[in-house]
2 protein chains.
Amino acid sequence: MAFEGADPGTVRPGGRTARVRASVLRAAGDALAEHGFAHLDLADIARRAEVGKTTVYRRWGTVTGLVADLLLDMAEQSLPRTETGSLLGDLKANARLVQRTLADPRQGALFKAVIAAATCEAKTAQALHRFYDIRVEEWAPCVQQAIDRGEVPEGTDAHEVIRAVSAPLYYRLLTGSGHLDEAAADQAAEAAVAAARAGAYLIDRSEC
Amino acid sequence: MAFEGADPGTVRPGGRTARVRASVLRAAGDALAEHGFAHLDLADIARRAEVGKTTVYRRWGTVTGLVADLLLDMAEQSLPRTETGSLLGDLKANARLVQRTLADPRQGALFKAVIAAATCEAKTAQALHRFYDIRVEEWAPCVQQAIDRGEVPEGTDAHEVIRAVSAPLYYRLLTGSGHLDEAAADQAAEAAVAAARAGAYLIDRSEC
DNA sequence: TAGTTAACGAAACTGGAGTCCCGTTATGGC
DNA sequence: GCCATAACGGGACTCCAGTTTCGTTAACTA
C-alpha cells in the first residue's frame with residue numbers, strides 16, 4: 001500500500017517513467033521555443049511526445065509546473081568552462097557562450113519562455129533561480145583566480161562579477177535593444193572587468 | 001459610412017471611449033500585479049473596470065494586446081530626471097528610481113508580468129522596446145554632460161551606459177538572485193561609471 | 001518469474017474563456 | 001438641439017483546455 005500523497009513518478013522512477021519524462025521535457029522545450037509561453041497547450045506537448053494527455057496533466061499539472069521540471073533538467077546539463085589565463089579572457093568566453101545561446105533562435109526563444117513562466121509561479125521562479133545559481137557557481141572560480149593573481153582587489157564578490165557579465169545580455173534579449181552579437185558579449189565582459197578592477201563589486205560596502 | 005477596417009475607439013476617441021480605456025488599463029495593471037501574466041482573465045478585468053466583457057474583447061482581443069496598450073500608456077507617463085552635477089550622482093539617482101520601482105510589490109509584479117507578456121507577442125515586445133527606448137532617451141543626457149565635463153572618454157555610448165545601470169537590477173528581479181535594495185542600486189551605478197571611465201562603452205570598438 | 005500495484009492511456013465529460021447577436025447609449029458633426 | 005452611427009453591454013452560445021473514469025501495461029520485489 002502506497003502513501004496516498006506520493007507524487008506520481010516518485011515510487012517507480014525507472015524505465016517507462018523516465019522515458020516519458022525525457023520525451024515530454026524535450027517536447028516541452030520544442031513547443032516553448034516555437035509557440036512561446038502563452039500559446040502553449042499541454043495536449044500538443046503530449047502529442048509531440050507520443051504520450052497520453054492524461055499523463056502530462058497527472059504528472060505536471062500546469063505549464064509552469066512543467067517548466068519548473070524542465071529547469072531542473074536543464075540545471076543538470078552544465079557545460080564545462082574554459083580557462084584562458086586572464087580574467088578578461090575567461091569572462092569573454094563566458095559572455096560569448098551566453099550570447100551564442102541567447103542569439104540562437106531556438107535556445108533564445110526557450111529562455112524567454114522559461115523566464116516568462118518563472119514570473120508566474122513561485123515554484124518555477126525557484127527552479128530558475130537554482131538554474132542560474134548553478135551556472136554562476138560554475139564560473140565564479142575564474143574570478144577567484146583573478147583575485148589570487150592580483151588582477152582584481154581582495155574581497156571582490158566573484159558571483160556578482162559573473163552575474164554582471166550575463167545581466168546586460170539578458171536585458172537586451174528581453175527589452176529588445178540592439179542585436180546580441182559578439183561585440184555585445186565582449187562589451188559585457190570588458191565592462192565587468194573594468195568595474196571589478198575599480199572595486200565596484202567589493203563585498204564589504206559600508207561606505208563608498 | 002465608416003471604413004470597415006477601422007479599429008474600434010479610433011473614430012470617436014473622446015468621452016466614454018477614453019474613460020473606458022483609462023478604467024480598463026488601470027484594472028489591467030491591478031490584475032497583472034495581483035495574478036501575474038498567466039492567471040489573467042479578461043472577464044475579471046472587465047468586472048474590475050465596471051465595463052462589459054464584450055468591450056474588452058472587442059477593443060483589445062487578447063491579454064498580450066491589452067498589455068501592449070498598457071505599455072503605450074506607461075510610456076507616456078515619464079518621470080522627470082534629477083541632476084546632481086556628477087555622473088555617479090545622476091546614475092545613482094536613476095538606479096535608485098529603478099530599484100524602488102522594481103522593489104515595490106505592485107510595480108515589481110507589474111513589470112515582471114509585462115516582460116512576460118512581451119516574450120509572447122511581437123507587438124507587445126515592440127511596445128516594451130519603445131517604453132525602454134523612451135526611458136533611456138530621457139536619462140542619456142546626463143552621460144553626455146559627463147563626456148562634456150571630461151569625466152568619461154569622448155565617444156562613449158550614452159544610451160548603453162544607461163542600459164548598463166538598469167540591466168543588473170532587472171536581472172536580479174527576474175532570476176531572483178538577492179534582494180533589490182539600495183546597495184544593489186548603488187553598485188549598479190558605480191559599476192556603470194567605472195566601466196564607462198575605462199572606455200568599455202565606446203561606440204567605435206573595432207579593436208580592443 | 002510471478003505477483004503487486006505504480007504509472008500510463010483512451011474516451012467520455014465539464015466548466016469557463018472567448019464569440020456572437022442585437023438592443024441601448026452617447027459622441028461628434030451639423 | 002438633433003441626427004447618424006460609433007461604441008458599449010447583457011445574455012445566449014460554442015468550443016476546447018483540463019478533469020474524471022476505468023481498463024491496460026510494465027516497474028520493482030521477493
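Chain naming here is simple, since letters A, B, ... match the order of the sequence lines and numbering starts at 1 in each.
For dA7(C), the OP1/OP2 oxygens have no side-chain nitrogen or oxygen of Thr17(A) closer than 4.0 Å. OP1 or OP2 of dA6(C) has not a single side-chain nitrogen or oxygen of Arg16(A) nearer than 4.0 Å.
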Report all side-chain donor-acceptor pairs from residues 50-60 of chain A shorter than 3.5 Å, counting only partners two or more places apart or in another chain.
| unit_1 | atom_1 | unit_2 | atom_2 | d |
| --- | --- | --- | --- | --- |
| Arg59(A) | NH1 | Thr17(A) | O | 3.1 |
| Trp60(A) | NE1 | Asp69(A) | OD2 | 2.9 |

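A pairwise comparison of heavy atoms in Lys112(A) and Leu173(A) identifies CE-O, 3.7 Å as the closest pair. Of all the heavy atoms in Val152(A) and Ala196(A), the pair that sits closest is CG2-CB, 4.1 Å. The two residues Ala75(A) and Ile134(A) come nearest to each other via the heavy atoms CB-CD1, 3.8 Å.
The residues Arg48(B) and Asp44(B) are annotated as salt-bridged, a charged nitrogen and a carboxylate oxygen being separated by less than 4.0 angstrom. Here Asp133(B) does not pair with Arg130(B) in a salt bridge; the nearest charged N to carboxylate O distance is not below 4.0 Å. Arg172(A) and Glu160(B) are joined by a salt bridge, as a carboxylate oxygen and a charged side-chain nitrogen come within less than 4.0 angstrom of each other.
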Are any protein N/O atoms closer than 3.5 Å to N/O atoms in nucleotides 28-30 of chain C? If there are, list each pair with its distance.
| unit_1 | atom_1 | unit_2 | atom_2 | d |
| --- | --- | --- | --- | --- |
| dG28(C) | OP1 | Gly14(B) | N | 2.7 |

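Only Arg58(B), Arg59(B), listed by number, bring a heavy atom of residues 56-63 of chain B to less than 4.0 angstrom from any atom of DNA chain D. DNA chain D lies under 4.0 Å from at least one heavy atom of each of the following residues of residues 23-51 of chain A: Asp41(A).
Formation of a donor-acceptor pair under 3.5 Å by the Arg81(B) side chain with backbone atoms of Glu138(B) is found in this model. Put simply, the side chain of Arg96(A) never gets that close to the backbone of Asp186(A): no donor and acceptor are under 3.5 Å apart.
At the heavy-atom level, Arg19(B) lies under 4.0 Å from the strands shown only through sugar-phosphate atoms.
Below 30°, between 30° and 60°, or above 60°: for Tyr170(A) and Tyr171(B) the angle between ring planes is between 30° and 60°, a tilted geometry.
A side chain to side chain contact (heavy atoms under 4.5 Å, CB included) with Thr124(B) is found for exactly one of Thr119(B), Leu70(B), Thr64(B), namely Thr64(B).
No hydrogens or angles were tested; on distance alone, a donor-acceptor pair under 3.5 Å links the side chain of Thr54(A) to the base of dA10(C). Looking at Lys53(A), its side chain comes within 3.5 Å of the base of dG18(D) through a donor and an acceptor atom.
With sequence neighbours excluded, no residue satisfies ring pair (Phe, Tyr, Trp, His ring centres under 6.0 Å) with Phe37(B).
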* **Structure string for DNA chain D in dot-bracket form, Watson-Crick and G-U at under 3.5 Å, | interchain** => ||||||||||||||||||||||||||||||

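A heavy-atom distance below 4.5 Å is not found between the side chains of Leu97(B) and Thr82(B).
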